[in-house]
Number of protein chains: 2
Amino acid sequence: MLSVWHTDSMSAASLRARIRAEMSDEIKAAARKHLAIEGANLSLRAVARDLGMASSALYRYFASRDELLTALIIDAYDAVGAAAEAVPVFPTAPQRWVEIAHAVRNWALANPHEWALVYGSPVPGYQAPSDTIGSATRVIFAFARVVAEAATTGHAAAGSPVDGQLGEEFHALAELALPGMAPQLAGRAMAGWIQVCGAVSAELFGQLANTIDARREFFEFQMRGTVDWIGLKA
Amino acid sequence: MLSVWHTDSMSAASLRARIRAEMSDEIKAAARKHLAIEGANLSLRAVARDLGMASSALYRYFASRDELLTALIIDAYDAVGAAAEAVPVFPTAPQRWVEIAHAVRNWALANPHEWALVYGSPVPGYQAPSDTIGSATRVIFAFARVVAEAATTGHAAAGSPVDGQLGEEFHALAELALPGMAPQLAGRAMAGWIQVCGAVSAELFGQLANTIDARREFFEFQMRGTVDWIGLKA
DNA sequence: CTCCTTTGTGAGCACTGCTCTCAGTTAAGA
DNA sequence: TCTTAACTGAGAGCAGTGCTCACAAAGGAG
């Protein structure tokens with residue numbers, strides 16, 4: 001739906017297309033800058049002003065403000081995924097989980113508004129186009145890989161099985177991560193990821209104000225609890 | 001700062017003041033209705049139109065849009081706190097925690113935009129006035145009471161102590177909940193509350209889309225994990 | 001070279017939060 | 001009781017927003 005210009009039957013990256021892509025990136029960069037300053041209520045006109053162009057020209061690249069935000073969301077998903085993947089492989093599974101979690105938190109602290117865009121409350125009347133879910137899974141897989149490898153090397157507790165529809169959904173998750181993996185372990189991993197997500201959001205969205213100041217230590221405390229509950233062993 | 005009309009040295013609830021309070025409530029009710037329909041970007045003019053009054057008249061009651069939102073936030077905190085307090089006392093500590101968590105989740109599912117207002121990403125350039133933190137603690141105390149009582153009746157595991165600044169902050173938390181309570185238990189309770197918060201937000205903000213459909217069962221699964229990790233025993 | 005798609009412009013529409021001045025009304029003080 | 005001051009509402013207006021539309025350059029495709 002977005003492919004106004006089609007690249008088939010012409011040079012794979014025509015000059016026009018490349019310039020267009022660069023312009024797109026410039027717009028996104030400017031938008032990101034504005035996002036970092038004033039928060040989620042991003043002004044297209046301000047972005048256009050920053051780039052020295054008429055606001056209407058911006059609509060040649062993004063059909064609407066929501067579409068620009070969606071592009072930023074996808075980029076943010078990719079960025080946090082990349083941050084998680086860039087973590088070196090630590091010797092034990094619990095360490096790996098905790099270090100990846102720290103990487104995610106560090107990225108969020110460095111890019112709070114982008115984190116809010118992605119994991120905060122949906123901005124307008126909630127859209128979440130399906131384009132995003134591809135990039136969204138990247139960071140989850142970074143965690144899933146840790147648990148899957150721990151499962152194969154016997155460093156993950158099995159835990160009691162889960163039946164019913166939830167059990168089946170856990171099974172489907174397990175098959176995605178590692179065929180033959182215990183479904184309940186996949187379920188605990190998913191819940192663990194949500195704990196990561198929740199801990200970071202709680203800190204960023206002000207839930208710890210006037211309560212916890214030792215933020216990094218508290219996050220570490222929480223993540224240690226998460227790996228314990230998931231059943232990762234050294 | 002908000003007390004334009006002072007109630008001292010006159011009848012405690014003068015007619016003017018009461019009418020003003022009623023009008024305030026009407027505005028908030030209309031705003032809540034609009035919030036439920038179109039989400040966080042609440043339009044003062046639309047609210048005023050709904051009430052059949054000029055938009056400028058609304059500023060006699062709330063100095064700005066942010067102040068109206070703050071009032072809604074406080075009400076929402078109170079509402080979720082009330083929902084948590086209304087839960088009947090179940091026989092065991094784990095049950096109590098899980099049932100209160102379900103009450104919180106049910107309230108959030110019934111009032112998703114208000115939940116987003118309170119526990120989602122801060123709307124504008126982040127304000128969070130100190131008026132809110134009083135109401136914010138209400139729901140937390142509902143959970144804290146469960147853990148505190150379990151601690152006194154020997155239904156909560158002690159766990160290994162935490163030192164450093166975080167240990168001191170846990171100690172301060174413990175003193176608030178129950179003087180003499182083990183600091184690390186208070187810390188785990190706080191982390192547990194954040195897990196409740198994170199689980200509800202993850203469901204509401206679309207993190208489970210295309211992954212988990214058995215939402216209630218998954219939430220129960222998560223909460224069972226939370227009480228296990230906190231160390232609550234039947 | 002001639003088309004024709006693409007890119008950018010500026011005016012304009014409907015909307016927003018907010019301020020200001022200008023009535024009315026109501027409550028308090030002499 | 002009358003007067004005065006505080007309160008409440010209305011409307012115009014300002015600066016800003018997202019978005020649309022006709023129009024003008026400009027570049028590649030044939």
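The structure displayed is predicted, hence computed values, not measured ones. The chains referred to below are lettered A, B, ... by the order of the sequence lines, with proteins before strands, and numbering in each begins at 1.
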Whole angstrom value for the distance that separates [atom2] of [N] from [atom1] of [X]:
X	N	atom1	atom2	value
M23(B)	dT8(D)	CE	P	10 Å
N41(B)	dT17(D)	CG	C1'	12 Å
L44(A)	dC19(D)	CG	P	6 Å
L51(B)	dG9(D)	CG	P	10 Å
E67(A)	dT20(D)	CD	P	11 Å
H34(A)	dG16(D)	NE2	P	13 Å
E22(A)	dT6(C)	CD	P	19 Å
I27(A)	dT7(C)	CD1	P	11 Å

Any base atoms under 4.0 Å from [X], or only sugar-phosphate, or nothing? Heavy atoms, all strands.
X	answer
I19(B)	nothing
L42(A)	sugar-phosphate
A57(A)	base
S55(B)	base

Nearest to side-chain heavy atoms of [X], which nucleotide of [options]:
X	options	value
Y59(A)	dC20(C), dT16(C), dC19(D)	dC19(D)
R60(B)	dC15(C), dG10(C), dT21(C)	dT21(C)
R49(A)	dG17(C), dG16(D), dC19(D)	dG16(D)
S43(A)	dG8(C), dC18(C), dT17(D)	dT17(D)

State whether [X] places a side-chain N or O below 4.0 Å from either non-bridging phosphate oxygen (OP1 or OP2) of [N].
X	N	answer
R20(A)	dT7(C)	yes
Y61(B)	dG9(D)	yes
S56(B)	dA10(D)	no

_Residue whose nearest DNA chain C nucleotide is more 5′ - R45(B) or L58(A)_ =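 It is L58(A), whose closest nucleotide lies nearer the 5' terminus.
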
*Hey, what do you get for CZ (R32(A)) to CG (D75(A)), rounding to the nearest 0.5 Å?*
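Answer rounded to 0.5 Å: 5.0 Å.
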
*asked:* With rounding to the nearest 0.5 angstrom, report the OG1 to CZ distance, T70(A) to R65(A).
replied: 10.5 Å

_Result of checking F205(B), Y77(B), W107(B) against Y119(B) for ring pair (Phe, Tyr, Trp, His ring centres under 6.0 Å)_ = Y77(B)

_Trace of the side chain to side chain contact (heavy atoms under 4.5 Å, CB included) decision for L208(A) with M190(B)_ = CA-CA 10 Å; L208(A) 305 184; M190(B) 180 72 191; 3.9 Å; yes

*Kindly indicate, with the supporting measurements, whether the criterion side chain to side chain contact (heavy atoms under 4.5 Å, CB included) is fulfilled by W97(B) and I230(B).*
CA-CA 11 Å; W97(B) 179 286; I230(B) 293 178; 3.6 Å; yes

